[in-house]
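Here is the naming used below: chain letters follow the sequence lines, and residue numbers restart at 1 for every chain. Small disclaimer: the values here were computed from a predicted structure and weren't measured.
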Protein chains: 2
Amino acid sequence: MAAADLFAAVGYEATSMASVARGAGVTTTTIYWYFEDKETLLVAVLDHLLQETLAGLGDRDDESPVDLLMWVVDRLTEQRRLVSTVHALAGRSPTVAVWHDAFHELTDAMLAEGLRQEGVPEPLVPATTRLGVFAIEGLVMHPLSRAEQRAVLELLSTVR
Amino acid sequence: MAAADLFAAVGYEATSMASVARGAGVTTTTIYWYFEDKETLLVAVLDHLLQETLAGLGDRDDESPVDLLMWVVDRLTEQRRLVSTVHALAGRSPTVAVWHDAFHELTDAMLAEGLRQEGVPEPLVPATTRLGVFAIEGLVMHPLSRAEQRAVLELLSTVR
DNA sequence: TACGTTTCTTGAACGCCATGCAAGAGCAAA
DNA sequence: TTTGCTCTTGCATGGCGTTCAAGAAACGTA
């Protein structure tokens with residue numbers, strides 16, 4: 001998909017529908033036959049990216065929890081621009097908001113399950129999950145050195 | 001400032017320079033005489049809001065740390081739309097990025113100082129500060145009940 | 001093979017937006 | 001009164017997301 005490349009290269013906002021069409025060798029109107037609007041196109045790209053990432057995650061359920069989180073942070077950091085685009089758009093576009101909510105439902109559940117297997121007591125799981133998600137999003141959005149990232153995640157693993 | 005009202009009412013993206021001008025009873029060109037572009041106007045509004053919030057914070061340095069954080073989260077949540085706008089724009093606009101960095105430098109320092117006074121050991125201050133900031137931003141961006149918010153902040157205060 | 005219907009593509013438009021520019025009003029100093 | 005500066009205006013420009021009427025291509029049916 002040409003849109004995915006452009007979103008990754010210059011970002012969603014800087015990508016015009018005309019440039020997507022040019023990249024696909026068609027006209028803008030053709031894009032609109034397949035996707036209702038630009039936001040729907042974005043959601044399609046997000047779904048595609050999510051599939052890829054989930055597949056990659058399946059290949060490494062052997063590593064330690066912190067290493068696993070670091071890997072997820074790395075993948076999301078590669079798409080930092082899209083992440084903040086989604087957050088900004090979710091507040092004003094129902095289309096993107098639906099995807100964003102579904103995404104969190106999925107990832108929050110995965111993290112919660114991981115925490116349970118690490119022995120986090122059940123009543124603490126919800127709040128710990130949320131704090132974990134917030135930490136991941138924070139690490140993705142604010143550039144820190146690898147050591148600093150790890151320090152935050154290690155600190156996070158001391159809550160009780 | 002008319003721009004501040006419009007940004008708060010409908011958001012930055014949905015606010016056209018024409019509507020700002022109309023609200024101020026002038027022409028768009030006049031706005032451009034005072035502000036270089038729309039992003040510079042945004043930064044002026046952000047500065048204004050920050051001044052107000054800092055003043056309000058000065059009136060309540062008596063409350064408990066968690067209550068203080070809750071209050072900050074409340075103020076930021078009222079401006080949730082602007083918060084995510086700033087995050088999205090900081091990645092592609094130098095103007096907004098500069099303001100965003102300065103904002104974090106200020107607020108991170110304030111939080112770090114608060115943590116020291118709460119007895120957090122010095123070597124843990126940097127990572128704890130970051131985790132705290134991430135928690136605040138997460139709470140601002142994701143709607144949770146008051147009890148859930150408090151649970152996350154209480155959990156956060158148990159790290160060591 | 002021919003025809004009707006559905007699927008896909010196109011070029012040209014529309015309305016909105018942020019921004020630029022040349023000209024002029026208002027006003028103070030000389 | 002003239003000069004020069006600050007401020008405001010109307011108009012224009014180029015780009016954007018999106019729409020629409022029209023036609024081409026593909027396909028099922030006879």
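- Separating the CZ atom of A:Arg22 from the P atom of C:dT9 is a distance of 18 Å, rounded to the nearest angstrom.
- Among the candidates A:Asp37, A:Asp47, A:Leu89, A:Thr15, the single residue satisfying the side-chain contact (heavy atoms from CB on, under 4.5 Å) test with A:Leu42 is A:Leu89.
- Shown for residues 25-33 of chain B: residues whose heavy atoms fall under 4.0 angstrom of DNA chain C, namely B:Thr28, B:Thr29, B:Tyr32.
- For the pair B:Met17/B:Tyr32, a side-chain contact is recorded, criterion being any heavy-atom separation below 4.5 Å from C-beta on.
- Atom CG of A:Leu42 and atom P of D:dG17 are 13 Å apart (whole Å).
- Contact of the B:Leu49 side chain with the B:Leu82 side chain is registered, since non-hydrogen atoms from C-beta on lie closer than 4.5 Å.
- B:Lys38 contributes no side-chain N or O that, together with a main-chain N or O of B:Ser16, makes up a donor-acceptor pair within less than 3.5 Å.
- You'll find the side chain of B:Trp71 reaches within 4.5 Å of the side chain of B:Arg60, heavy atoms only.
- Note: CD (B:Glu13) to C1' (C:dC16) measures 16 Å, nearest angstrom.
- Secondary-structure stems of DNA chain C, taken as three or more successive Watson-Crick or G-U wobble pairs (i with j, i+1 with j-1) under a 3.5 Å distance threshold, comprise C:1-30 with D:1-30.
- Contacts of A:Ser19 with the nucleic acid, taken as non-hydrogen atoms under 4.0 Å apart, are absent.
- DNA chain C is contacted by no residue of residues 84-95 of chain B, taking any non-hydrogen atom closer than 4.0 Å.
- Going from atom CE of B:Met17 over to atom P of D:dG14 covers 20 Å, rounded to whole Å.
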- Check against side-chain contact (heavy atoms from CB on, under 4.5 Å), A:Val73 and A:Leu76: CA-CA 5 Å; A:Val73 168; A:Leu76 285 170; 5.9 Å; no
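- One interatomic measurement links the two molecules: CZ of A:Phe35 to C1' of C:dC8, which rounds to 14 Å at whole-angstrom precision.
- In this structure, B:Lys38 atom NZ and C:dA18 atom P are separated by 4 Å, rounded to whole Å.
- A 4.5 Å side-chain heavy-atom check between B:Thr107 and B:Val133 finds every atom pair outside the cut-off.
- Two residues are said to be in side-chain contact when any heavy atoms from C-beta on lie closer than 4.5 Å; B:Val43 and B:Thr40 fail this criterion.
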